[in-house]
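The structure appears below as structure tokens.
Scope of the values below: all heavy atoms of this structure, side chains included, with no hydrogens, waters or symmetry mates. Throughout, residue positions are numbered sequentially from 1 according to the sequence presented.
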Amino acid sequence: GNGGIKAVDIGSGASGFQFVLASAGIQVISVDPLINPSASVDWRFTIDDFNRINRAFGARVKFIGDFLEAAHLESDNYDRVFAISVLEHIPRGPLMELVREIARILKPGGFFVATIDLFLDCYPFTNKEANEYGGNISVKDLIEASGLQLAFGKPSELYGFAEFSPEAVIR
């Protein structure tokens, strides 16, 4: 089994991914400071909701309701860190701190797995710097700030690399 694999899922909220990982036998810590959204949104996700879902999946995911930097996780301890459609919502300064923290907690040879949404209504597709959800972030800057290396992914498809083409994305 995967019982030896330790993973951290960042910003997972109500996402099912963390529970699927745990169901596969992976030791998962879910770290999300925003489990209760602002009053401006029409849904709520509480720690009770998390616990109910966790129990339904076998109560294997440990939840930390805070920012990763405040979670005080052990250095060089995790095989995988996941951030699924999370990073593009974080302002640049805290984001660079976050990726350095991710690099700190990953075991040597571990992987940081991220999906990063592109906002077609923001730069480099328009002149707008950001929208209500965030802005496009340079994957190249993230990699450089973290000290990690790109293992998978094509620079031509990753914003921030010289090879990236906004025109190719829109086509």
Side-chain angles (χ1 to χ4, degrees), residues 1-35 45 50 53-54 57-119 122 124 133-166 168-169:
N2 294 320
I5 297 177
K6 292 189 207 169
V8 176
D9 193 11
I10 298 169
S12 40
S15 162
F17 184 64
Q18 59 198 326
F19 304 110
V20 171
L21 290 173
S23 294
I26 295 170
Q27 297 173 46
V28 181
I29 297 177
S30 175
V31 180
D32 190 337
L34 301 177
I35 198 155
F45 184 68
F50 177 89
I53 296 169
N54 204 20
F57 278 92
R60 291 195 191 100
V61 178
K62 178 183 175 190
F63 179 77
I64 298 174
D66 212 331
F67 293 98
L68 184 65
E69 298 86 333
H72 304 292
L73 298 178
E74 216 177 306
S75 297
D76 305 320
N77 193 42
Y78 299 91
D79 302 286
R80 303 286 182 272
V81 176
F82 297 97
I84 309 301
S85 297
V86 170
L87 302 182
E88 64 275 11
H89 304 290
I90 301 172
R92 182 177 169 86
L95 180 57
M96 296 305 151
E97 292 172 29
L98 175 65
V99 294
R100 284 190 284 274
E101 181 69 358
I102 289 166
R104 183 189 69 76
I105 68 171
L106 270 175
K107 284 181 181 173
F111 287 98
F112 172 38
V113 180
T115 63
I116 303 172
D117 300 344
L118 277 173
F119 297 113
C122 296
Y133 304 108
N136 292 321
I137 54 171
S138 166
V139 176
K140 185 172 187 272
D141 287 354
L142 289 179
I143 292 167
E144 288 173 359
S146 70
L148 298 171
Q149 297 176 331
L150 181 65
F152 302 96
K154 297 179 188 158
S156 64
E157 297 174 354
L158 301 173
Y159 174 61
F161 283 94
E163 301 92 321
F164 178 80
S165 164
V169 171

So do the side chains of Met96 and Leu142 get within less than 4.5 Å of each other, counting heavy atoms only? yes
Least distance between heavy atoms, Ser138 atom then Gly160 atom: OG-CA, 3.3 Å
What distance separates His89 NE2 from Ile116 CD1, expressed to the nearest 0.5 Å? 11.0 Å
Shortest non-hydrogen contact from Gly11 toward Asp32: C-OD2, 3.3 Å
Side chains of Ile84 and Ser12: closer than 4.5 Å at any heavy-atom pair? no
Taken to the nearest 0.5 Å, the spacing of Phe82 CZ from Gln18 CD works out to 11.5 Å
Testing Leu158, Leu150, Val99 one by one against Ile143 for a side chain to side chain contact (heavy atoms under 4.5 Å, CB included), which residue passes? Leu150
The reported gap from OG1 in Thr115 to CG in Leu87 (rounded to nearest 0.5 angstrom) is 8.0 Å
Is any side-chain heavy atom of Phe17 closer than 4.5 Å to a side-chain heavy atom of Val28? no
Can you tell me how far apart CG (Asp9) and CD1 (Ile29) are? Round to the nearest 0.5 Å. 11.0 Å
For a quick test of reading the model, state the closest non-hydrogen atom pair linking Asn77 to Lys6 and the distance between them. OD1-NZ, 3.1 Å
Over 12 foreign heavy atoms within 6.0 Å of NZ, Lys62: no
Indicate yes or no: at least one non-hydrogen side-chain atom of Ile90 is less than 4.5 angstrom from one of Phe67. no
Asp66 (side chain) donor-acceptor with Ala71 (main chain) under 3.5 angstrom: no
Side-chain (Asn136) to main-chain (Phe119) donor-acceptor, under 3.5 angstrom: yes
How close do Ile137 and Glu88 get, heavy atom to heavy atom, and via which atoms? CD1-N, 4.0 Å
Least distance between heavy atoms, Ser75 atom then Arg104 atom: OG-NH1, 2.5 Å
Ion pair present between Glu97 and Arg100, side-chain N to carboxylate O less than 4.0 angstrom? no
Measure the spacing between CD of Glu144 and CD of Gln149 and express it to the nearest 0.5 Å. 12.0 Å
Tightest non-hydrogen contact, residues Asp79 and Ile5, listed as OD2-CA, 3.4 Å
Side chain proximity check, Val169 to Phe164, heavy atoms < 4.5 angstrom: yes
Nearest-0.5 Å distance, CG of residue Leu21 to CD1 of residue Ile26: 5.0 Å
What do the steps show when you test Phe19 against Phe50 for ring-ring contact (aromatic ring centres under 6.0 Å, His included), and what is the final call? CA-CA 10 Å; Phe19 304 110; Phe50 177 89; 5.5 Å; yes
